[in-house]
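For reference, the structure is listed below as structure tokens.
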Protein chains: 2
Amino acid sequence: MALGFLSGNALRLDGLIERLESAEGLEDLQILIEELRDSYGVDHIVYHWVNSNGEQYGCGTYDLEWVNRYVEKGYLRVDPVVVGCYQRFHPVDWKRLDWSGKAARALMQDAIAYGIGNQGFSIPLRGPNGQFALFSLSHNCNDTEWEDFTVTNRRDLILIAHYFNQKALEFEPGRTPEASQSLSPREIEAMTLLAVGYSRAQAADTLSISEHTLRVYVESARHKLGALNTTHAVARALSRGVIVV
Amino acid sequence: MALGFLSGNALRLDGLIERLESAEGLEDLQILIEELRDSYGVDHIVYHWVNSNGEQYGCGTYDLEWVNRYVEKGYLRVDPVVVGCYQRFHPVDWKRLDWSGKAARALMQDAIAYGIGNQGFSIPLRGPNGQFALFSLSHNCNDTEWEDFTVTNRRDLILIAHYFNQKALEFEPGRTPEASQSLSPREIEAMTLLAVGYSRAQAADTLSISEHTLRVYVESARHKLGALNTTHAVARALSRGVIVV
DNA sequence: CGCCCCCTCGCTATTTCTGGGGAGGAAGAT
DNA sequence: ATCTTCCTCCCCAGAAATAGCGAGGGGGCG
């Protein structure tokens, strides 16, 4: 086994990241991830985008069979890797997660049956608009070997995961932020106050204007944002970064 | 000027990250960030945590005077660096941001007057519960020099920023107080539907439940999120990454 | 000089949300 | 076996938001 032979090889990392940066589609990422797996000598590497709706998207070296089973069984919602990474910032060794749940243990057994490997290491990735993805490596070996591998390659892997996600964000299907008209300063102030819980009356008072005037701002902002109601407008403004709360 | 003399020095990076990992408080981070500034030979480095309540927190080498002015003037809400990074995943050169707004230009002039530097480079950082932070470098030099510096040190800086944020998350003041209250699946569904513009009646219909039941979810979610009304609750849920639109 | 956008204010009527209250069943955790 | 959490449903009165109609002054731009 060539676990981590790449370690410390700065040139190789540079080359990899360059190739990552010049990738032009999911197919390129798929090719790269397979090469990456071979270079690191691990069983599997997966980049896995978890949408809020439960939709999934990504690439990796898992068997299609396993991926389908994972989706069918709705493992996403009980997978300690996903849940654990969702609550953490730093990369995690799968061993350190909470596998005590019934569903979790069933998943683990199932995963091993599909040849996923007893060891794993996942890096949480977060982008704008609540994007959340995972970059995971899994392997079959003992604890010491895995510990050595993760300690040695941790930094490189963080970087690779970062560049991987950067690319994946570019390829995201259907994320076309319609050219929204920009809000006027007053509109932004009004929306911001509503977003922090003020009622229209309170917001108007805070801005020292009549409630009616404030309403005009909110209505105007709502139309500009193409929103159906105030709550929707605030949500859109937040998602688009028009206001910051 | 020793801009970027550290570049390519893997040993130095290793040492730095080790020291970062052994930091035990914000004071240590402050010391480290000052050393980092000297090592890189840039004018300023700042780690800046933007809390979902609009509170700010962090450390850096800016003058206290400027920091106070920034907060007082509410520059956070108009700063193209913050807004721009909020919508991006990859690090950004300040030059590439949109400085066309009136407030933005006023901010820039003000910043230069306080000796911030005409060049800048910021790395967006995102953690659990919608945490958002910035790791920024700023300097006074011409475009070419800055370009060289950022291209050379980009990867190291990403790593440093990552470890910096990891540490800062550990030191977060009110880390577990109310953030732990997680929403139930139904509550998340309800909030998500409201966030995309559904009225309560529509949302209830979509979920095939009575409007009353939906209301219970929304109320429950509102209490868990410590929100004053529905709009506020949706805003908080979005900011914390509990729901995604 | 118009034109357009921004800021400010007023009125009415209808619909929707808010904030309490209570109640029962199902599932999982201790 | 009990306890908690979640899901589901119901009532009511008052507060708030929405949709539509207005008006006028100020500033920038061609």
Side-chain angles (χ1 to χ4, degrees), chain A residues 74 77-78 80 83 98-107 180-237 242, chain B residues 78 100-103 105 178 180-237 242:
Chain A
R77 302 202 180 282
V78 294
V83 175
D98 175 22
W99 294 90
S100 62
K102 211 166 78 183
R105 229 170 307 177
L107 162 62
S180 56
Q181 307 178 51
S182 59
L183 303 189
S184 78
R186 271 319 220 193
E187 285 161 358
I188 290 178
E189 286 182 290
M191 297 302 288
T192 303
L193 289 175
L194 294 187
V196 296
Y198 286 42
S199 68
R200 298 205 294 202
Q202 290 174 313
D205 204 49
T206 304
L207 297 179
S208 303
I209 55 178
S210 76
E211 185 182 337
H212 179 87
T213 302
L214 184 117
R215 237 176 62 197
V216 174
Y217 296 149
V218 176
E219 287 290 287
S220 171
R222 219 181 76 221
H223 286 125
K224 284 182 179 176
L225 293 163
L228 299 167
N229 53 44
T230 302
T231 299
H232 191 199
V234 168
R236 286 204 152 177
V242 176
Chain B
V78 295
S100 62
K102 212 165 81 183
R105 232 171 304 178
E178 44 190 317
S180 54
Q181 284 272 59
S182 62
L183 302 191
S184 77
R186 272 319 220 192
E187 285 162 358
I188 291 177
E189 287 183 289
M191 297 302 287
T192 305
L193 289 175
L194 294 187
V196 297
Y198 285 44
S199 70
R200 298 205 298 200
Q202 289 174 315
D205 204 48
T206 304
L207 297 179
S208 303
I209 55 177
S210 76
E211 186 182 336
H212 298 113
T213 302
L214 185 118
R215 240 179 60 198
V216 174
Y217 296 149
V218 176
E219 286 292 286
S220 171
R222 218 184 73 226
H223 285 124
K224 285 182 179 176
L225 293 164
L228 300 166
N229 54 45
T230 302
T231 299
H232 191 199
V234 167
R236 286 204 151 176
V242 176

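Lettering follows sequence order; numbering is per chain, from 1. Every value quoted in this text rests on a predicted model; they were computed, and no experiment measured them.
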Leu214(A) CG to dA17(D) C1', in whole Å, measures 12 Å
Note: for Arg222(A) and Glu187(B) on DNA chain D, the residue whose nearest nucleotide lies more 5' is Glu187(B)
Nearest-nucleotide check on DNA chain D, Arg215(A) vs Ser220(B); residue mapping nearer the 5' end is Ser220(B)
Between NE2 of His212(B) and C1' of dT16(C) the distance, given in whole Å, is 13 Å
ask   = Are any of Thr213(B)'s side-chain N or O atoms less than 4.0 Å away from OP1 or OP2 of dC9(D)?
value = yes
Whole-Å distance, Leu193(B) CG to dC17(C) P, equals 13 Å
Leu194(A) CG to dA17(D) C1', in whole Å, measures 11 Å
When rounded to whole Å, the CG to P distance for the pair Asn229(A) and dT16(C) reads 11 Å
Short side-chain N/O contact from Thr230(B) to OP1 or OP2 of dC17(C), under 4.0 Å
no
Does OP1 or OP2 of dT8(D) have a side-chain N or O of Arg186(B) closer than 4.0 Å?
yes
Closest non-hydrogen contact found for Arg105(A) with Trp99(A) is NE-O, 3.6 Å
_Classify Val218(A) by what it touches in the nucleic acid, base, sugar-phosphate, or nothing, heavy-atom distance under 4.0 Å._
nothing
Of the candidates dT8(D), dG19(C), dC17(C), the side chain of Glu219(B) sits closest to dG19(C)
Of the candidates dC7(C), dC10(D), dT8(C), the side chain of Ile209(A) sits closest to dT8(C)
**Request:** Respond yes when some side-chain nitrogen or oxygen of Lys224(B) is under 4.0 Å from OP1 or OP2 of dC6(D), and no when none is.
**Result:** yes
*asked:* Using OP1 and OP2 only, check whether a side-chain N or O of Ser184(A) sits under 4.0 Å from dC7(C).
replied: yes
